[in-house]
Amino acid sequence: MNRRDFVRTLAMSTLGVLTTFNNRVYAKTYLTPDQAKRLIWSDLAMVQTNISLTEQQQKSIQRSSGIRVWSRNIRALKSSDNHWLIYDQVIGKHENIDIAVGLTNEGKVKAVEVLVYRESYGHQVLHPKWLGQFVKKSASDRVKVDKNIVNISGATLSCVHLTDGVNRLTHTWNQVLQYI
Amino acid sequence: MFVKYIKVISLSLSLSLFPWLALEKANAGESLWVYAKGTDTMPAGELEFKLGTIARLGKNSGDYKFYDIRPELEYGISDKLTLSTELLLFSHDYSVDPDSGPGPMVDTQAKTGGSFDKTQVGGYEVSLKYNILSVYKDSLGLSLGAGYERRDRYRLDGTEIDQDSFLGTLYLQKNYLDDLLATTLTVKTEFERRKSGDWDDQSFVLEEEIALDLALGISYRVAPKWNLGIEFRHQSDYLNPQEFNEQGEFAYNPDLKPSNFDLFDIRLGSQHQNGNYFGPTVHYAEKDWWVTAGALWQVFGGGSKYADVRDNKNWDEHEKVHFGLTFGYEI
């Protein structure tokens with residue numbers, strides 16, 4: 001077989017193999033912020049309440065949660081009886097994962113929803129049963145993978161960063177939001 | 001020379017762009033460096049296609065270009081166990097000065113009119129990688145690898161050989177700053193048994209070699225999708241070739257200690273050569289594909305009195321610079 005034939009054979013074989021297995025799931029937007037609000041808090045009236053943490057608050061949350069606070073800006077909605085909905089991002093393999101976390105006026109997680117998931121692996125964290133593990137958890141629970149949150153093999157990075165994000169936000173409520 | 005370069009680049013690009021242009025797009029578990037590898041394994045049932053090309057350019061004299069092209073498929077047998085198979089394509093284009101020797105390239109080009117220019121199928125490799133500790137939730141990521149490699153062509157000069165290698169690899173990875181900063185150490189040991197030449201004309205050589213390939217990488221995600229890093233690579237081998245001496249006896253070199261890797265007798269022989277490289281890497285990942293590039297320069301090298309060592313660098317088995325380019329696609 002000469003070089004040209006070899007390259008042609010190799011390229012066609014590769015294409016054949018790749019075509020056979022071409023059935024993947026892609027990154028996408030699962031919920032808009034409004035849809036997440038309706039899913040978590042139904043028709044509860046909430047107003048935009050964006051917050052900028054002070055440097056001291058940022059350090060305090062980091063200390064108590066053990067999780068780095070990358071941004072001091074919090075984008076949130078708040079109801080008159082002090083329920084919260086926080087739009088946040090956690091680190092993914094290549095890009096961030098957009099999430100919405102509902103917190104009650106007792107600082108407990110009402111629900112966690114994934115808005116945009118940009119990774120090719122780890123979609124298992126979108127399963128309601130996995131996300132349901134966070135419900136009623138608060139800062140005192142200090143959620144952690146393999147401790148009180150079950151890890152999903154093959155989706156470890158997403159599991160760890162989503163859990164860390166919820167842990168950080170419950171401590172944010174504990175340190176800051178409950179006093180607003 | 002330029003035409004040859006274009007041909008090799010075209011071969012690499014055509015192999016990599018084929019699936020890219022023809023298929024819908026997915027995402028990747030990727031390599032951030034040229035030689036160093038992380039501890040990640042493929043999720044169960046996932047398949048990835050990679051095309052790695054390393055251009056090894058420049059000796060201490062003459063003109064030397066060698067392209068090591070490796071199409072590879074990786075498959076997740078389970079979330080912790082990955083099977084990979086790769087084809088070794090060697091593209092040589094060299095004409096080194098006779099006073100660079102004695103060395104394999106000088107010997108080979110003497111038989112081919114002063115230069116050597118060929119693209120060949122060099123062999124194949126099959127390997128397994130098993131993840132023991134996750135870099136994302138344990139304090140240190142740890143994976144182990146084992147593999148078999150078959151070569152019919154010598155990487156250095158393109159001559160016909162008969163080589164079987166067994167590979168063992170240790171992967172360590174530690175991440176910092178919420179996994180934005182990745183550090184890794186890959187230690188690969190190869191146990192090679194190589195035969196070349198003809199017994200009848202007493203050109204036959206038997207080499208039992210233990211080779212060490214160590215790579216250290218650091219990479220930081222400077223922006224979403226973008227990683228910048230640096231990489232250090234050490235490669236050395238330990239052997240005492242058996243060949244016909246001036247008395248016509250097939251024997252070891254009395255100046256050197258042989259390597260041995262029989263089941264109950266593993267010995268590290270004399271170091272024949274070593275090369276050490278350092279340079280930057282860049283990595284870009286999209287949802288559906290990724291690419292990693294790097295340039296590693298030989299910073300120092302050495303070897304035994306039988307190796308070609310000049311200016312504190314090794315030239316018989318190592319080059320001035322290695323340019324690496326790898327494309328990856330999830331299938």
Side-chain angles (χ1 to χ4, degrees), chain A residues 1-4 6-28 62 67-70 89-97 116-124 144-147 149 151-161 163-165 168, chain B residues 7 10-11 14-20 22-30 40-47 49 51 71 73 75-76 78-80 87 89 91 118-121 131 134-138 175 177-180 221 223-227 283-288 290 329-331:
Chain A
M1 184 184 289
N2 63 33
R3 189 189 304 180
R4 185 174 297 172
F6 168 74
V7 171
R8 187 182 298 139
T9 304
L10 187 65
M12 294 314 291
S13 306
T14 305
L15 182 61
V17 170
L18 296 180
T19 307
T20 305
F21 289 95
N22 178 29
N23 58 355
R24 287 187 51 78
V25 178
Y26 305 117
K28 64 184 221 180
Q62 277 183 190
I67 307 298
R68 192 180 308 275
V69 179
W70 287 96
Q89 289 191 317
V90 297
I91 292 169
K93 181 108 178 167
H94 306 128
E95 296 185 76
N96 292 333
I97 302 167
V116 184
Y117 193 82
R118 301 176 177 88
E119 310 295 318
S120 65
Y121 298 141
H123 285 87
Q124 300 96 314
K144 192 170 171 59
V145 164
D146 280 351
K147 182 187 149 205
I149 299 295
N151 182 47
I152 303 171
S153 180
T156 304
L157 183 139
S158 296
C159 288
V160 168
H161 286 297
T163 304
D164 286 352
R168 173 171 47 79
Chain B
K7 277 182 185 172
S10 302
L11 171 65
S14 62
L15 282 168
S16 51
L17 290 176
F18 234 129
W20 188 15
L23 302 177
E24 291 180 32
K25 296 172 179 181
N27 205 343
E30 63 268 17
D40 280 357
T41 44
M42 298 286 291
E46 298 289 348
L47 185 67
F49 172 78
L51 183 76
L73 284 171
Y75 178 71
S78 74
D79 289 331
K80 287 182 170 292
L87 190 64
L89 302 176
S91 183
K118 257 185 188 167
T119 298
Q120 308 160 321
V121 177
N131 179 244
S134 167
V135 68
Y136 307 114
K137 65 186 183 73
D138 297 308
N175 288 358
L177 302 174
D178 292 347
D179 297 316
L180 294 181
R221 193 208 286 179
K225 306 178 184 180
W226 285 96
N227 272 64
H283 171 82
Y284 179 80
E286 266 296 341
K287 288 187 281 292
D288 42 5
W290 56 268
Y329 313 89
E330 301 307 313
I331 303 167

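Naming convention: chains lettered A, B, ... in sequence-line order (proteins, then strands); numbering from 1 in each chain. Since this is a predicted model, take the numbers as computed values, not measurements.
The local environment of NZ in A:K147 is crowded, with over 12 non-hydrogen atoms from other residues, nucleotides or ligands closer than 6.0 Å.
Contact annotation for A:N151: only side-chain heavy atoms (C-beta onward) come within less than 4.5 Å of a heavy atom of chain B. The contact between B:L177 and chain A is made by backbone and side chain atoms together, counting heavy-atom distances below 4.5 Å.
Rounding to the nearest 0.5 Å gives a distance of 7.0 Å between CD of B:E286 and CD of A:E95. The distance from atom OG1 of A:T156 to atom CG of B:D79, rounded to the nearest 0.5 Å, is 7.5 Å.
Here the closest non-hydrogen pair linking B:R221 and A:K93 is NH2-O, 2.7 Å. Contact record, B:P43 with A:G154: CG-O, 4.2 Å, taken as the closest heavy-atom pair.
Ranking A:V90, A:V160, A:L157, A:N96 against chain B, the residue ahead of the rest is A:L157, based on heavy-atom pairs under 4.5 Å.
Considering only heavy atoms from C-beta on, A:V145 stays 4.5 Å or farther from B:Y136 through its side chain.
For the salt bridge (charged side-chain N to carboxylate O under 4.0 Å, His left out) test, no residue two or more places apart in sequence or in another chain qualifies with B:D138.
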